[in-house]
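The structure appears right after this line, and notes come after that.
For ligands, and for the atoms within them, numbers begin at 1 and follow the listed sequence. Note that the coordinates shown come from a computational prediction; the quantities given were computed from them, not determined experimentally.
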Amino acid sequence: MLEFAPKVFYSRDIPHALQDLMNSVEAPFRQSIMAKEMFEAAIYENTYEDEPDAPRISIVNDVDGDLEVTPAWEFHYSNRIWHSDDVPPPDFTNLRGCGCEGYCDPKSQTCSCLKRQQEYSGHIPGFIYDDKGRLKQRGFPIFECNELCGCLEGCRNRVVQHGRQYAVNIRKTTNKGWGVFAGRQRIPKGSFIGIYAGELLSENEGEERGIKYNKFGRTYLFQLDFYHLRLNESDVGDNDDEWQTKYVMDAYHAGNFTRFLNHSCDPNCAMNACYTNEANLDKPLLALFTRCEVQPWEELSFSYTGYDSDEEDDEDQHASNNGDAGRDAVYAPCLCGARKCKGYMFK
Ligand SMILES: C[S@@+](CC[C@H](N)C(=O)[O-])C[C@H]1O[C@@H](n2cnc3c(N)ncnc32)[C@H](O)[C@@H]1O
């Protein structure tokens with residue numbers, strides 16, 4: 001019998017009573033201050049357990065607040081991963097914990113979590129986090145200590161699992177819909193911001209939904225297509241083209257503030273693959289970290305066209321189903337305003 005078997009969440013159980021209620025009331029109520037307070041209260045209620053240290057999120061519209069007080073009531077606010085029936089639940093059976101006591105030592109010769117991390121980021125000494133819990137370098141998978149480890153909760157190799165620490169607000173922009181903005185505090189480079197939560201779908205389900213979203217003009221799909229999975233999977237062989245993305249995260253029906261992050265061609269955040277309580281390498285969490293220092297009130301953004309826009313010719317990561325590129329509404333021009341703007345969000 002497994003000692004550790006956390007609850008698994010399924011797409012079919014995503015709550016929708018609040019959304020149904022709000023969409024059934026008269027429009028003036030949806031535009032009232034009470035509706036904004038309900039939105040903020042729902043965010044808090046659904047997340048206070050998994051991000052106990054997180055500052056509260058505000059919804060702000062100083063662009064056209066008389067028309068739209070909150071984002072559409074179209075999703076359940078949650079930090080959870082909701083598995084579709086086509087996706088296997090987390091693999092706890094093959095999960096291994098380290099036997100360290102106290103706090104894991106970044107110079108340890110015996111910590112199995114450190115060894116695992118070093119398989120992927122061996123040229124960076126110690127864990128991938130520094131002593132302040134900041135990412136030392138982007139682009140490597142993160143293997144955090146997990147529920148089976150002997151170390152304490154305060155071990156430096158536990159960051160993403162402790163949830164958001166920085167203030168963020170969901171704020172209407174003038175030309176890109178809603179966006180996510182830093183609070184009054186600057187956010188240092190390498191800081192964890194949040195996970196891209198949502199429904200975990202098979203690639204086929206993602207493709208089908210992508211066709212609809214692209215026509216509709218807004219997509220919240222994100223492929224779990226990190227390059228390290230290609231480089232290290234022994235069964236992929238030498239031919240990169242043989243690689244198939246297996247899973248897609250969809251934040252349309254369930255998700256957290258990260259679903260409102262807009263694209264930038266010069267982003268201040270990037271996604272990293274992160275494993276906490278999951279032994280299946282195909283199913284990392286999508287963990288968002290700052291890639292430079294973020295100033296108070298600055299908009300947070302990442303690149304929809306790749307895991308990290310330092311690289312040219314990135315693979316698409318926001319699953320765009322680009323068979324109809326140029327025609328569907330989603331292929332609207334990029335309005336990020338960066339000096340090196342490429343002009344598009346999705347290829
Ligand atoms: C994941 S959503 C981001 C949140 C969105 N702004 C909202 O209001 O829900 C992606 C959509 O936001 C808009 N968007 C994001 N980044 C943009 C950009 N750089 N330029 C123009 N529109 C953008 C597009 O409509 C895109 O399909």
Side-chain angles (χ1 to χ4, degrees), residues 19 22-23 30 36 39 42-43 57-65 67-79 168-182 193-199 201 206 209-224 248-271 286 288 291 298-307 309 314 316-322 324-347:
Q19 291 70 35
M22 291 306 287
N23 288 315
R30 269 199 305 279
K36 168 184 140 71
F39 207 108
I43 294 177
I57 291 178
S58 297
I59 308 291
V60 184
N61 185 353
D62 41 24
V63 173
D64 55 2
L67 299 174
E68 205 182 18
V69 164
T70 68
W73 293 84
E74 62 188 6
F75 75 105
H76 170 69
Y77 193 101
S78 160
N79 289 326
V168 291
N169 294 309
I170 299 168
R171 197 178 190 114
K172 190 79 186 273
T173 68
T174 48
N175 54 1
K176 296 172 295 186
W178 294 87
V180 178
F181 290 75
I193 299 297
I195 61 161
Y196 194 81
E199 278 178 272
L201 310 176
R209 290 196 190 183
I211 292 167
K212 290 183 201 142
Y213 295 158
N214 291 359
K215 293 200 188 310
F216 158 67
R218 264 194 295 140
T219 182
Y220 299 90
L221 290 170
F222 197 105
Q223 284 177 338
L224 274 62
V248 176
M249 195 69 76
D250 183 7
Y252 190 100
H253 301 287
N256 60 16
F257 70 92
T258 60
R259 86 193 273 286
F260 293 108
L261 258 96
N262 288 317
H263 162 86
S264 171
C265 301
D266 186 14
N268 51 19
C269 295
M271 293 289 182
L286 302 166
L288 189 77
R291 61 200 293 283
E298 189 181 331
E299 182 170 7
L300 301 180
S301 57
F302 71 100
S303 169
Y304 289 1
T305 62
Y307 66 91
S309 75
D314 306 324
D316 282 7
Q317 275 224 309
H318 237 284
S320 58
N321 187 298
N322 57 3
D324 274 335
R327 276 185 277 146
D328 284 345
V330 83
Y331 299 105
C334 177
L335 301 172
C336 74
R339 246 187 316 130
K340 54 181 183 183
C341 178
K342 294 177 186 145
Y344 55 85
M345 294 174 271
F346 303 102
K347 280 189 250 184

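Near C334, with a cut-off below 4.0 Å to any heavy atom, the atoms of ligand 1 are 19 (N), 20 (N). For ligand 1, the atoms closer than 4.0 angstrom to any heavy atom of R259 are 1 (C), 2 (S), 3 (C), 4 (C). Each of the following atoms of ligand 1 lies closer than 4.0 Å to a heavy atom of C336: 19 (N).
Not a single heavy atom of G179 lies less than 4.0 angstrom from ligand 1. Ligand 1 is approached by L261 to a heavy-atom distance shorter than 4.0 Å.
Between Y196 and ligand 1, not a single N/O pair is under 3.5 Å apart. Taking any N or O of W178, backbone or side chain, at least one lies under 3.5 Å from an N or O belonging to ligand 1. The shortest N or O to N or O distance between K176 and ligand 1 is below 3.5 Å. Close N/O approach between N262 and ligand 1 is found [any backbone or side-chain N/O within under 3.5 Å]. Checked by distance only, ligand 1 and M345 stay at 3.5 Å or farther apart across all their nitrogen or oxygen atoms.
Looking at S301, G177, G217, P71 and measuring to atom 25 (O) of ligand 1, the nearest heavy atom belongs to G217.
The aromatic rings of Y196 and F222 are tilted relative to each other, their planes meeting at an angle between 30° and 60°.
Taking all atoms of both residues into account, the shortest heavy-atom contact from T173 to G177 is OG1-O, 2.6 Å.
Side-chain contact annotation: N256 with T258, donor-acceptor N/O pair under 3.5 Å present.
Screening Y344, Y304, F302 for a ring-ring contact (aromatic ring centres under 6.0 Å, His included) with H263, the sole residue that qualifies is Y304. Each of K172, K176, R171 was scored for a salt bridge (Lys or Arg N to Asp or Glu O under 4.0 Å) with E299, with one residue passing: K176.
The part of T219 lying near ligand 1 is the backbone, judged by heavy-atom distances below 4.0 Å.
The shortest distance between side-chain heavy atoms of T70 and R30 does not fall below 4.5 Å.
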| Going through the distances and angles, do I170 and I57 end up as a side chain to side chain contact (heavy atoms under 4.5 Å, CB included)? | CA-CA 7 Å; I170 299 168; I57 291 178; 4.1 Å; yes
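Note that R209 lies outside the cation-pi zone of Y252, set by a 6.0 Å cut-off to the ring centre and a 45° limit from the axis.
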